[in-house]
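Structure record follows, encoded as structure tokens.
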Amino acid sequence: PTWMPAIVDSVQELGRGATGRAVAMTPQRVVQAGVEIFVTVFRSFTEINPLLALPITGLLIILFLLYLVLAVLMTLAIAQVYMVMGAGVFLLGFQGSTWTQDLARGYLRYLLAAGVKLMVVTLIVSVGETQVTMWVGLATAEAGIASSVEVLLVAVSSVAIVTVMVATLPEYAATMITGSAGFAGD
């Protein structure tokens, strides 16, 4: 059915629209943002003081790896939605009998829950990326090396927090749709 992808697209659009971003955050854009931040900050610091290249490179590698994890988590959420849409369509056939209608309804609830999960992932990644871009801008604009490194550490910490949020919060939002209790730290 053509309306199932529309459900998924609309909840993902809600996640995008809530941040006010004109461009959608996709896994490819997340990785691209990580690469751009790596290159920009590395050039900025190594031009100022070549001795800082090693510690800055270490921080930037951590930052890029966190961006990569974010892209993987986003890809998994997208894959889950499309797998559910593709593999679960046959469950709609159970809508014809009163004895099996719950199977079809459960499928639709799960599809909506997967879409909400994707919406929350998109929302968190978009907000987090905006925040990290601000921190990185401050790090490259700071006058003193020490304060720039401090701001860069805050940026890496921010990406780590966003990564943990993307790994945990979307599942909680999905459980609100399915009605299952998943708040026990699963």
In one Ile/Leu/Val/Met/Phe/Trp/Tyr side-chain cluster, 4.5 Å: [X], [Y]:
X     : Y      : result
Met83 : Ile78  : yes
Val81 : Leu169 : yes
Val84 : Tyr82  : yes

Mind listing the closest non-hydrogen atom pair of [X] and [Y] along with its distance?
X      : Y      : answer
Leu14  : Met119 : CB-SD, 3.7 Å
Phe38  : Ile61  : CE1-N, 3.8 Å
Val125 : Val166 : CG2-CG2, 3.8 Å
Ala174 : Lys117 : CB-CB, 4.2 Å
Tyr110 : Gln80  : OH-NE2, 2.7 Å
Leu118 : Ala77  : CD1-CB, 3.9 Å

Gap separating the CD1 atom of Ile62 from the CG atom of Leu153, nearest 0.5 angstrom: 9.0 Å
Give the intermediate values and the outcome of side chain to side chain contact (heavy atoms under 4.5 Å, CB included) for residues Tyr67 and Val31. CA-CA 6 Å; Tyr67 265 87; Val31 171; over 6 Å; no
Between Leu73 and Val121, does the side chain to side chain contact (heavy atoms under 4.5 Å, CB included) criterion hold? Intermediate values first, please. CA-CA 8 Å; Leu73 291 171; Val121 167; 5.7 Å; no
Could you go step by step and tell me if Leu63 and Leu60 meet the side chain to side chain contact (heavy atoms under 4.5 Å, CB included) rule? CA-CA 5 Å; Leu63 186 83; Leu60 290 174; 4.2 Å; yes
May I ask you to decide if Tyr172's main-chain N or O and Thr175's side chain share a donor-acceptor pair within less than 3.5 Å? yes
